[in-house]
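Please read the structure below before turning to the comments.
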Amino acid sequence: MEPLPIQVTVNGRTYSAEVEPRLLLVHFLREVLNLTGTHIGCDTTSCGACTVLWNGRPVKSCTVLAVQVDGGEILTVEGLEGEGQLHPVQEGFWEEHGLQCGFCTPGMMMTAVALLNENPDPTEEEIRKAISGNLCRCTGYVNIVKAIQYAARKMREGMSVHAGGV
Amino acid sequence: MIPGPVRYRRVRSVDEAVVLLSQLGTDAKVLSGGQSLIPMMKFRLAEPSYLIDINAIPGLDFIEERGGVLCLGALVRESTLERSMLVRQRYPILHDTAEVIADPLVRNLATVGGNLAHGDPANDHPATMLALRAQVVARGPNGERSIPIDDFFVDTFVTALQPDELLTEIRIPVPPPRSGGAYVKFERKVGDYAIAAAGVFLVLDEAGRITQAGIGLTNLSYKPLRAVDAERALLGQYASDELLRYAAELAAQATDPVSDLRGPADYKRAVARTMTLRALRRALERAQANA
Ligand SMILES: Cc1cc2nc3c(=O)[nH]c(=O)nc-3n(C[C@H](O)[C@H](O)[C@H](O)COP(=O)(O)OP(=O)(O)OC[C@H]3O[C@@H](n4cnc5c(N)ncnc54)[C@H](O)[C@@H]3O)c2cc1C
Ligand code: FES
Ligand code: FES
């Protein structure tokens, strides 16, 4: 099928591309833009590993076509860090050991970012409900919840975040 | 998994969608939330040659009461329904339903219109709409028509919508005093379709007798089911727990589930009885509180 022109802002940068209408957003991100932080876990809309924010809302990028997001804004895990500073959610996952293999982590963090943007002081139950579309096979979720609580505290306090890494 | 080759057009109005649908016929599919259609295209269970994306049509996402009717635009997202204060306060059965559909990520895109138009007996809104006696509004080349929900679901994945018709709106009668509804679902895990689920809407008179009863059942037959005998058994009666148990039993008898990974048919029928009973009790409580 003939490709269609699209223009998408990903992590603040605007890209123009010609894509086949059947191209999935997750493949556009990973294979066209080389942003491989967004993972494909199940490919059947079940796991949430592919979660990105589309105009601020978390969606499963394996179940959206790239042509659908034409004119829109996408935020992926690569867009969380700014000027060498981890996003509070990233910092929370680091500090609270919110991951083991890390496969679910990008999607989990994107869902957490969207939650905290909407609800800066979620209860544990609200956190668990918000991440109920993101599956983790390793952690048992306890530390993921702690990581999000850490980020919520940090964001509320508006404290400057320290740079991650060594 | 990659969908088959397809063409794509984003339309900006209902008229534009209808014109395209009538030109393209059965080759085209409406793309709404895409949360059923895109998975089916990836499995190649659906191979439309054209997608008509209706998401950019302005003003199709209303939730408002107009002249005794709650009007839901086809593009209302499940997540919007879930967060609506009007829905929470006046239509708890709709809130119950939205909250248990798929998972929060899917709900950010999935639409109420798509949930009905898909004609999937496993979807949750059909049972609720059957209980509420909704009307589905469709627009085609010859104008608009209103389809009673009882006539809407024809077969598995088949509805009364014609290939050149767009579902534009769902209309639900505003609940009278002393009415209450509830939706109760049993699922294996978040994001799964129901093993069994029931939507119930009841209206009481001043003496507490049931004057109207709607019961819809999810994933218990080849299409969304209305438990007509159970409804009839409730009419004109005072709502004792014994009566509710009897109605739940009649509802279970009306089901025709298949044995699959979600369990054998007998088990599903038993779960259907329990879900109906719970939904009846909750709907009754709400009706009594709504006096
Ligand atoms: C992992 C997962 C779990 C799910 N679990 C549940 C669940 O528990 N309960 C539940 O109810 N649903 C569930 N769903 C389905 C989900 O709610 C779908 O979104 C819904 O069935 C279809 O809505 P949609 O807006 O995504 O429609 P689409 O996928 O865009 O369309 C579905 C069908 O309806 C047609 N259509 C859509 N809108 C219109 C319109 N306005 N006029 C005419 N035709 C139209 C399309 O052409 C297509 O054939 C689940 C989906 C996933 C991926
Ligand atoms: S890869 Fe998209 S939901 Fe699993
Ligand atoms: S850390 Fe391994 S899947 Fe979540």
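Just so you know, these numbers come straight off a predicted model, no measurement behind them. Proteins come first, then strands; the chains are lettered A, B, ... in the order of their sequence lines, and each starts at number 1.
Salt bridge Glu118(A)/Arg83(B): present, at least one basic N to carboxylate O contact under 4.0 Å. Classification of Asp103(B) and Lys60(A) as a salt-bridged pair holds, one side-chain N sitting under 4.0 Å from a carboxylate O.
A donor-acceptor pair under 3.5 Å is absent between the side-chain atoms of Asn108(B) and the main chain of Val59(A), judged by distance alone. No side-chain donor-acceptor contact under 3.5 Å links Arg22(A) to the backbone of Val6(B).
One distance of note links CG of Asp70(A) with OH of Tyr8(B); it measures 7.5 Å at 0.5 Å rounding. For the atom pair Arg10(B) CZ and Gln68(A) CD, the distance stands at 8.0 Å (nearest 0.5 Å). For the atom pair OG of Ser46(A) and CG of Leu105(B), the computed distance is 11.5 Å after rounding to the nearest 0.5 Å.
Other residues, nucleotides and ligands contribute over 12 non-hydrogen atoms within 6.0 Å of the OH atom of Tyr50(B). The neighbour count for Glu73(A) CD, taken as heavy atoms of other residues, nucleotides or ligands under 6.0 Å away, does not exceed 12. Environment of CZ in Arg30(A): crowded, with over 12 heavy atoms of neighbouring residues, nucleotides or ligands closer than 6.0 Å. Other residues, nucleotides and ligands contribute over 12 non-hydrogen atoms within 6.0 Å of the CD atom of Glu18(A).
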Without placing hydrogens or testing angles, list every side-chain donor-acceptor pair under 3.5 Å for residues 22-29 of chain B, not counting sequence neighbours.
{"from": "Ser22(B)", "atom 1": "OG", "to": "Val18(B)", "atom 2": "O", "distance (Å)": "2.6"}
{"from": "Ser22(B)", "atom 1": "OG", "to": "Val19(B)", "atom 2": "O", "distance (Å)": "3.3"}

Hey, can you pull the donor-acceptor pairs under 3.5 Å for the side chains in residues 112-123 of chain B, sequence neighbours left out?
{"from": "Asn115(B)", "atom 1": "OD1", "to": "His125(B)", "atom 2": "N", "distance (Å)": "3.3"}
{"from": "Asp120(B)", "atom 1": "OD1", "to": "Ala122(B)", "atom 2": "N", "distance (Å)": "2.8"}
{"from": "Asn123(B)", "atom 1": "ND2", "to": "Asn115(B)", "atom 2": "O", "distance (Å)": "3.0"}

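At a heavy-atom separation below 4.5 angstrom, chain A is approached by Gly34(B), Gln35(B), Ile38(B), Pro39(B), Lys42(B), Phe43(B), Arg44(B) within residues 33-44 of chain B.
For Thr51(A), the part sitting under 4.5 Å from any heavy atom of chain B is the side chain, from C-beta outward, and nothing else.
Interface check for chain B: of the options Leu24(A), Leu4(A), Leu65(A), the most heavy-atom pairs under 4.5 Å are formed by Leu24(A).
Closest approach of Pro104(B) and Ser132(A) over heavy atoms only: CD-OG, 3.2 Å. When all heavy atoms of His27(A) and Met1(B) are compared, the closest pair comes out as CE1-O, 4.2 Å.
In this structure, the side-chain contact (heavy atoms from CB on, under 4.5 Å) partners of Ala151(A), at least two apart in sequence or on a different chain, are Pro88(A), Val89(A), Leu116(A).
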Inset, instruction - Could you walk me through whether Lys129(A) and Glu99(B) pass the salt bridge (charged side-chain N to carboxylate O under 4.0 Å, His left out) test, one step at a time? - result: CA-CA 10 Å; Lys129(A) 198 177 159 193; Glu99(B) 212 179 24; 3.2 Å; yes
